[in-house]
Amino acid sequence: MWKGKFFPANTIYEDLAVIPEILLGANKVVTTKSHLYFYRKRAGSELATQTGSTKIILLLDIAEDVFEKMKHISKPLYKAARSMLVSASFSILMRTSDDEKFAESRKRAIAHIRKYRFGTFFDLRIRMRNRMAILLSYLPRSIFLKILKKGLS
């Protein structure tokens, strides 16, 4: 399945860019409730230092790309990719400042949230924190963004 597939060089979120394509090449995919995949956060790592960096925008770019590839394949893949896109959009709003450097990405993120929040909310597989963030997204924008910035743990 990995033949000819590589993680993109010099990027972050490389797993999100490649794993969906790898899974599409599988004859069969099995899921489990076991926690078999973990992110390790180290001080000084790319993920730990990216807040405020324009590299965070790659998360939204990758989520949009995965969504476009998956949305026509099947309903379960559409729902999973939609959930990933909404989650990435919340991450963009939480991890970027409200200034010109991130204005376009934040605008895209808000548009995705508004477009997909209703359908995503009723997907029983989404994370509770995403469900909470979706509810908050119906508040006036300034209040929503202020609460989101404080974090949803």
Side-chain angles (χ1 to χ4, degrees), residues 5 7-8 11-39 41 46-48 50-153:
K5 304 278 187 195
F7 288 118
T11 189
I12 56 175
Y13 306 111
E14 65 277 354
D15 54 339
L16 295 177
V18 176
I19 299 298
E21 287 189 43
I22 298 296
L23 292 175
L24 283 177
N27 292 327
K28 185 177 185 178
V29 175
V30 178
T31 62
T32 178
K33 291 186 184 212
S34 298
H35 297 272
L36 302 173
Y37 188 81
F38 297 96
Y39 282 101
K41 293 181 181 180
E46 192 76 41
L47 283 172
Q50 68 180 307
T51 300
S53 166
T54 55
K55 284 187 175 186
I56 185 69
I57 296 168
L58 287 172
L59 173 61
L60 189 58
D61 294 339
I62 290 168
E64 289 170 339
D65 185 55
V66 169
F67 180 72
E68 286 303 313
K69 288 177 183 174
M70 301 296 163
K71 71 180 183 181
H72 299 294
I73 295 174
S74 71
K75 192 169 185 172
L77 288 176
Y78 166 80
K79 286 180 171 183
R82 179 185 64 191
S83 178
M84 178 180 156
L85 179 58
V86 170
S87 183
S89 295
F90 284 127
S91 287
I92 291 296
L93 296 177
M94 289 172 65
R95 295 172 151 176
T96 60
S97 54
D98 192 11
D99 59 29
E100 188 60 35
K101 180 167 79 168
F102 297 108
E104 189 270 333
S105 297
R106 291 174 66 83
K107 184 177 177 180
R108 284 172 30 214
I110 289 170
H112 293 312
I113 291 166
R114 286 186 176 152
K115 184 173 184 176
Y116 299 115
R117 65 187 171 186
F118 186 80
T120 303
F121 182 81
F122 291 102
D123 181 348
L124 299 177
R125 295 177 184 238
I126 71 163
R127 297 176 182 169
M128 183 55 70
R129 69 179 180 184
N130 285 351
R131 195 177 311 279
M132 289 172 26
I134 288 169
L135 287 175
L136 292 172
S137 75
Y138 286 98
L139 293 172
R141 184 177 171 177
S142 61
I143 296 170
F144 160 62
L145 292 175
K146 190 176 215 177
I147 295 170
L148 196 63
K149 272 290 194 191
K150 289 189 178 199
L152 297 170
S153 298

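In K149, the NZ atom is crowded: over 12 heavy atoms of neighbouring residues, nucleotides or ligands sit closer than 6.0 Å.
Residues V86 and I126 have side chains not in contact (no heavy-atom distance under 4.5 Å, counting atoms from C-beta outward). The side-chain heavy atoms of I62 and V66, taken from C-beta on, include a pair separated by under 4.5 Å. The shortest side-chain heavy-atom distance between P20 and K69 does not fall under the 4.5 Å cut-off. Between R108 and S105, the closest side-chain pair of non-hydrogen atoms falls below 4.5 Å. The side-chain heavy atoms of I56 and T96, taken from C-beta on, include a pair separated by under 4.5 Å. Looking at heavy atoms from C-beta onward, M70 lies out of side-chain contact with Y78 at the 4.5 angstrom threshold.
The distance from the CD1 atom of I92 to the CZ atom of R106 is 9.0 Å, given to the nearest 0.5 Å. With rounding to the nearest 0.5 angstrom, the CG atom of L77 is 12.5 Å from the CZ atom of R82. For the atom pair N130 CG and I134 CD1, the distance stands at 6.5 Å (nearest 0.5 Å).
The closest donor-acceptor contact from the side chain of S89 to the backbone of L85 lies under 3.5 Å. With hydrogens and angles disregarded, no donor-acceptor distance shorter than 3.5 Å links the side chain of R131 to the backbone of T120. Within the 3.5 Å criterion, the main-chain N or O of S137 finds a donor-acceptor partner in the side chain of R117. Although no hydrogens or angles enter the test, the distance criterion places no donor-acceptor pair under 3.5 Å between the side chain of R125 and the main chain of K79.
Classified by interplanar angle (parallel below 30°, tilted 30° to 60°, perpendicular above 60°), the ring pair F144/F90 is perpendicular.
Closest of all the heavy-atom pairs between F122 and F118 is CD1-O, 3.2 Å. Across all their heavy atoms, I110 and R141 have their closest contact at CD1-NH2, 3.2 Å. Pairing each heavy atom of A109 with each of L60, the nearest pair is N-CD2, 4.0 Å. The two residues R129 and R127 make their nearest non-hydrogen contact at NH2-NH1, 2.5 Å.
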